[in-house]
Trainee: 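First the structure, then my questions, so here it is.
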There are 2 protein chains.
Amino acid sequence: MARAGLTAERVVRAAADLADEVGFDNITVSALARSFGVKDASLYSHVKNVRDLRTRVAVLAAGELADRIGAAVAGRAGKDALAAFAGAYRDFALERPGRYAATQIQLDPAAVAESPGHLRNVEYTYGMLRAYGLSEPDLTDAVRLLRSTFHGFVSLESTGGFGHSRDVRASWDRSVDALHTLLEHWTS
Amino acid sequence: MARAGLTAERVVRAAADLADEVGFDNITVSALARSFGVKDASLYSHVKNVRDLRTRVAVLAAGELADRIGAAVAGRAGKDALAAFAGAYRDFALERPGRYAATQIQLDPAAVAESPGHLRNVEYTYGMLRAYGLSEPDLTDAVRLLRSTFHGFVSLESTGGFGHSRDVRASWDRSVDALHTLLEHWTS
DNA sequence: GGCTGTAACCTAGAGGCCCTAGGAAAGGAG
DNA sequence: CTCCTTTCCTAGGGCCTCTAGGTTACAGCC
């Protein structure tokens, strides 16, 4: 019979798509095998186990997020860069919820060190803050506040945590504005 | 043979404890039954299914969080109340990670409406902001920013998202301070 | 075209989890 | 002591993960 032509890469990409559909926590090698018209056991030659599959999806997703953020902040600085970063971040989280969730799981440090996407995201964040002229430990405090707010917002938004009728996008823009003024007066 | 003396309440409480140990996503009726020395099927007279179990844990946890926050903000206002709220929130999230995760899952609106804990948490949040004299839509924007930052921070912290050596508690205090000044000048 | 080696893919099966249907037994009310 | 309610059980089906070991498609080479 004709082969499906599986590859570790194709399997991981399909898993990421599946995650965007049913949620990252609900990806299963059974469903993945079904989508390829293949038996479960066949996938275990491309992927060690579910845990391995998840970390591979995380690495892939972090790379895609980094691509978007990198494109958004290219050639920008200050408030302009902050707004572009924020927009790319939120868009990615809302358009690719499974992939976004994947970027947030904890990997062993070794895996993170080998994931270009994870590293690039950190670099972009620190790079974006360069224009505000902060130095340690203020810089790291600011990075943590930014990451917390961004992640918390899209996390609450995508789990339906915002019940009020107020337009969510408007709240987001307002928050990003507020963070900008905060960063400008961070040291005082 | 001697009975375990199960009750819906005891089952849910044990599930919450289990969640704090192994993570909310990893609670399983099998493990729960094992901890009671009882067969899986026995739990289904107290709980409809896993989904039901999870929402009950969520309701319990939201109530406990509300208790802590309520006690913390009692008799305080302004920056004092904000700091107390933030401290109670973070402490709960770090001490009871499974319960905290439970408070963040999305329930159908009907379940939320019947959960005193969820409602009280919303009230405490809006109440805490009263001292800053905001009116809609600024008020809701501010609530969303606060919730995002709080949730994002403890979420990243507990999943090991903060790799830098900078003391995490210090970053938290700094962020809460920053949010306070932000709220004071929100309308400008 | 046939041969061969390396994937890719398979069957078989063990073990865990969720959940239902229906039966047995403990403990209280009368 | 009897009856009734509730607790807990056995039996079993379905879906999932993962391993061990056997086939079979396909590419490259003669």
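Just so we're on the same page: letters track the sequence lines, and every chain starts at 1.
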Trainee: Counting the atoms with a prime plus P, OP1 and OP2 as sugar-phosphate, which does A/Ser42 contact under 4.0 Å by heavy atoms, base, sugar-phosphate, or nothing?
Mentor: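 Base contact.
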Trainee: B/Ser30 side chain N/O closer than 4.0 Å to the phosphate oxygens (OP1, OP2) of C/dC18?
Mentor: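 B/Ser30 to C/dC18 OP1/OP2: side-chain N or O found under 4.0 Å.
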Trainee: Of the listed nucleotides (C/dC10, D/dT17, D/dC9), which one gets closest to any side-chain atom of A/Val29?
Mentor: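 So the nucleotide nearest the side chain must be D/dT17.
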Trainee: Show your working on ring pair (Phe, Tyr, Trp, His ring centres under 6.0 Å) between B/Tyr100 and B/Tyr89 and close with a plain yes or no.
Mentor: CA-CA 9 Å; B/Tyr100 176 74; B/Tyr89 189 96; 5.5 Å; yes
Trainee: Report which part of the nucleic acid B/Arg51 touches: base, sugar-phosphate, or nothing (heavy-atom distance under 4.0 Å, all strands).
Mentor: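 B/Arg51: no heavy atom of the nucleic acid under 4.0 Å.
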Trainee: Could you work out which one of D/dT7, C/dC9, D/dT10 sits closest to the side chain of B/Ala41?
Mentor: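 In terms of side-chain proximity for B/Ala41, the closest of D/dT7, C/dC9, D/dT10 is D/dT10.
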Trainee: Can you identify which nucleotide, out of C/dT11, D/dC18, C/dC9, has its nearest atom closest to the A/Lys39 side chain?
Mentor: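 Looking only at heavy atoms from C-beta outward on A/Lys39, the closest nucleotide is C/dT11.
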Trainee: Let's see if you can work this out: which of C/dC10, D/dT17, C/dC19 has an atom nearest to the side-chain heavy atoms of B/Tyr44?
Mentor: C/dC19
Trainee: Is the count of non-hydrogen atoms from other residues, nucleotides or ligands lying under 6.0 Å from A/Glu9 atom CD greater than 12?
Mentor: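 Counting neighbours around CD of A/Glu9, 12 or fewer heavy atoms of other residues, nucleotides or ligands fall under 6.0 Å, so no.
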Trainee: So does A/Thr28 get a side-chain nitrogen or oxygen closer than 4.0 Å to the phosphate oxygens (OP1/OP2) of D/dT17?
Mentor: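 For A/Thr28, the contact criterion (side-chain N or O under 4.0 Å from OP1 or OP2 of D/dT17) is met.
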Trainee: When the aromatic ring centroids of A/Phe153 and A/Trp172 are compared, is their separation below 6.0 Å?
Mentor: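 When the ring centroids of A/Phe153 and A/Trp172 are compared, they turn out to be within the sub-6.0 Å range.
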Trainee: Heavy atoms from C-beta onward define the side chain here; which of C/dC10, D/dC16, D/dC9 lies closest to that of B/Val38?
Mentor: D/dC9
Trainee: Are B/Arg144 and A/Phe162 in a cation-pi contact, defined as NZ or CZ under 6.0 Å from the six-membered ring centre and within 45° of the axis?
Mentor: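 Pair B/Arg144/A/Phe162 counts as cation-pi.
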Trainee: Nearest to the side chain of A/His46, which nucleotide is it out of C/dC10, C/dC19, C/dC9?
Mentor: C/dC9
Trainee: B/Asn49 has an atom CG; how far is it from atom C1' of D/dC15, in whole Å?
Mentor: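 About 16 Å, once rounded to whole Å.
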